[in-house]
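Below is one structure, written out as structure tokens; comments come after it.
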Number of protein chains: 2
Amino acid sequence: MSTTQMMKGILDGCLLAIIKDTEVYGYELAEKLEDYGFHSFSEGTIYPLLMRMQKEELVTSTLKKSTAGPRRKYYSLTEKGESELQHFMERWQTLQASVNRVLSDETK
Amino acid sequence: MSTTQMMKGILDGCLLAIIKDTEVYGYELAEKLEDYGFHSFSEGTIYPLLMRMQKEELVTSTLKKSTAGPRRKYYSLTEKGESELQHFMERWQTLQASVNRVLSDETK
DNA sequence: TTATTTACCTTGTAATGCAAGGTATTTGTT
DNA sequence: AACAAATACCTTGCATTACAAGGTAAATAA
């Protein structure tokens, strides 16, 4: 994955990081992201993304009964997903460094 | 601009920052970005983006003769562009903080 | 005069973010 | 029992983006 494509994939990486820590379901993720300071990631963004990541075998899912509502689809990381998360973190470091360099160099 | 749209706009902000510092032309920008650690931003990405930013009145351009080749289109920031750069930097700080929080929280 | 380098721009494609809408399940209320 | 409300999932269609690939033009060098 190039730096460029990473631009579009920051959310992907964040989801992987959250899923690695605890099994979560999509609806919950939308709320968690709010807590982390990302506002306005709608379900229309999150569900397609989760499905894409499953297709790419970065995550797996299992349905579990809810106490209040329909079944929840819980996601966990695969080994491939963990490896992708690792790569993402490296790319994020690089991007962060590059952007900060531009911003501090060029705007003193 | 929401956080989400900012994801797509990191390059925009970096261009604004570079242009603020020195008048540059598009072809040159592609090379400068390499130096800053962003590899593989092609002209097909940069020219349309510059034209979009001009349409949005964030930059202006003037043609100047080159010593070796066709005329160069030099870009400078407008006041609106400076203000947009300021906003971008704030959004970038927020995004950076959010992503880093997720990554350190969730992957200990 | 032909090739090379510099420099700009356009077209078409794939992927993204998202608003808007739709479906299904459980619990609580009337 | 009937209905509303909350939970939870998914789809559709649109605008935007990144970009490869190609095209144009100007200056210099061979």
Side-chain angles (χ1 to χ4, degrees), chain A residues 1-16 23-34 38-56 58-59 61-75 88 91 95 98-99, chain B residues 1-16 19 23-34 38-56 58-75 88 91 95 98-99:
Chain A
M1 206 194 218
S2 71
T3 303
T4 320
Q5 275 163 321
M6 219 224 49
M7 303 264 178
K8 303 184 182 179
I10 291 175
L11 182 54
D12 305 39
C14 290
L15 291 197
L16 289 177
E23 265 199 343
V24 278
Y25 55 98
Y27 193 81
E28 193 184 7
L29 272 169
E31 289 164 348
K32 281 217 175 198
L33 287 169
E34 279 280 336
F38 302 95
H39 49 83
S40 83
F41 277 116
S42 71
E43 300 174 51
T45 300
I46 289 167
Y47 287 116
L49 208 162
L50 286 169
M51 288 187 286
R52 198 194 82 215
M53 295 201 300
Q54 181 158 30
K55 196 174 166 192
E56 288 169 356
L58 303 176
V59 298
S61 65
T62 49
L63 289 170
K64 295 187 186 177
K65 278 174 198 156
S66 164
T67 48
R71 269 166 282 140
R72 295 165 176 167
K73 193 181 266 184
Y74 282 88
Y75 288 90
F88 165 75
R91 289 195 309 271
L95 174 69
S98 299
V99 173
Chain B
M1 207 194 217
S2 69
T3 303
T4 322
Q5 275 162 322
M6 219 224 49
M7 303 262 180
K8 303 184 183 178
I10 292 174
L11 182 55
D12 305 39
C14 291
L15 291 197
L16 289 176
I19 295 170
E23 265 199 344
V24 278
Y25 55 98
Y27 194 81
E28 192 183 8
L29 271 169
E31 289 163 349
K32 281 217 174 197
L33 286 170
E34 279 281 336
F38 302 96
H39 50 82
S40 83
F41 276 116
S42 71
E43 299 175 51
T45 300
I46 289 167
Y47 287 115
L49 208 161
L50 286 169
M51 287 186 288
R52 199 193 80 214
M53 295 200 301
Q54 181 158 28
K55 196 174 166 194
E56 287 169 358
L58 303 176
V59 297
T60 53
S61 64
T62 50
L63 288 170
K64 295 188 185 176
K65 278 174 196 153
S66 164
T67 48
R71 268 166 283 139
R72 296 165 175 167
K73 193 182 266 183
Y74 283 88
Y75 288 91
F88 166 75
R91 290 195 307 272
L95 174 69
S98 299
V99 173

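Just so we're on the same page: letters track the sequence lines, and every chain starts at 1.
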Report the distance from atom [atom1] of [X] to atom [atom2] of [N], rounded to the nearest whole Å.
X       : N      : atom1 : atom2 : result
B:Leu49 : D:dA18 : CG    : C1'   : 9 Å
A:Glu28 : D:dC9  : CD    : C1'   : 14 Å
B:Arg52 : C:dT10 : CZ    : P     : 15 Å
A:Tyr27 : D:dA6  : OH    : C1'   : 7 Å
A:Lys64 : C:dT26 : NZ    : C1'   : 19 Å
B:Phe38 : D:dA18 : CZ    : P     : 12 Å
B:Ile46 : C:dT6  : CD1   : C1'   : 15 Å
A:Arg72 : D:dA8  : CZ    : P     : 4 Å

Under 4.5 Å between any side-chain heavy atoms of [X] and [Y], yes or no?
X       : Y       : value
B:Ile10 : A:Leu95 : yes
B:Arg52 : B:Leu58 : no
B:Tyr27 : B:Arg72 : no
B:Leu16 : B:Phe88 : no

Practice task
Assign each of A:Ser66 and A:Pro48 to its nearest nucleotide of DNA chain C by heavy atoms, then name whichever residue's nucleotide is nearer the 5' end.
Solution key: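 It is A:Pro48 whose nearest nucleotide is closer to the 5' end.
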Check whether any side-chain N or O of [X] sits under 4.0 Å from OP1 or OP2 of [N], and answer yes or no.
X       : N     : value
B:Tyr47 : C:dC9 : no
B:Lys73 : C:dC9 : yes
B:Tyr25 : C:dC8 : no

Fill in the blank from the handout: Side-chain contact check for A:Thr45: nearest option of C:dC18, D:dT7, C:dC9 is C:dC18
Practice task
Look at the side chain of B:Pro70 and decide which nucleotide, out of C:dC9, C:dC18, D:dA26, has an atom nearest to it.
Solution key: D:dA26
Practice task
Using the salt bridge (charged side-chain N to carboxylate O under 4.0 Å, His left out) rule, take B:Lys32 and B:Glu28 through it: C-alpha gap first, then chi angles, then the decisive distance, then the call.
Solution key: CA-CA 6 Å; B:Lys32 281 217 174 197; B:Glu28 192 183 8; 5.0 Å; no
Problem - 5' precedence on DNA chain D between B:Arg71 and A:Ala68 (nearest-nucleotide basis) - result: A:Ala68
Exercise for the section: Confirm from the modelled atom types if B:Glu43 and D:dC19 form a donor-acceptor pair under 3.5 Å, side chain to base only. Expected result: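 It does not, because no donor-acceptor pair links the side chain of B:Glu43 to the base of D:dC19 below 3.5 Å.
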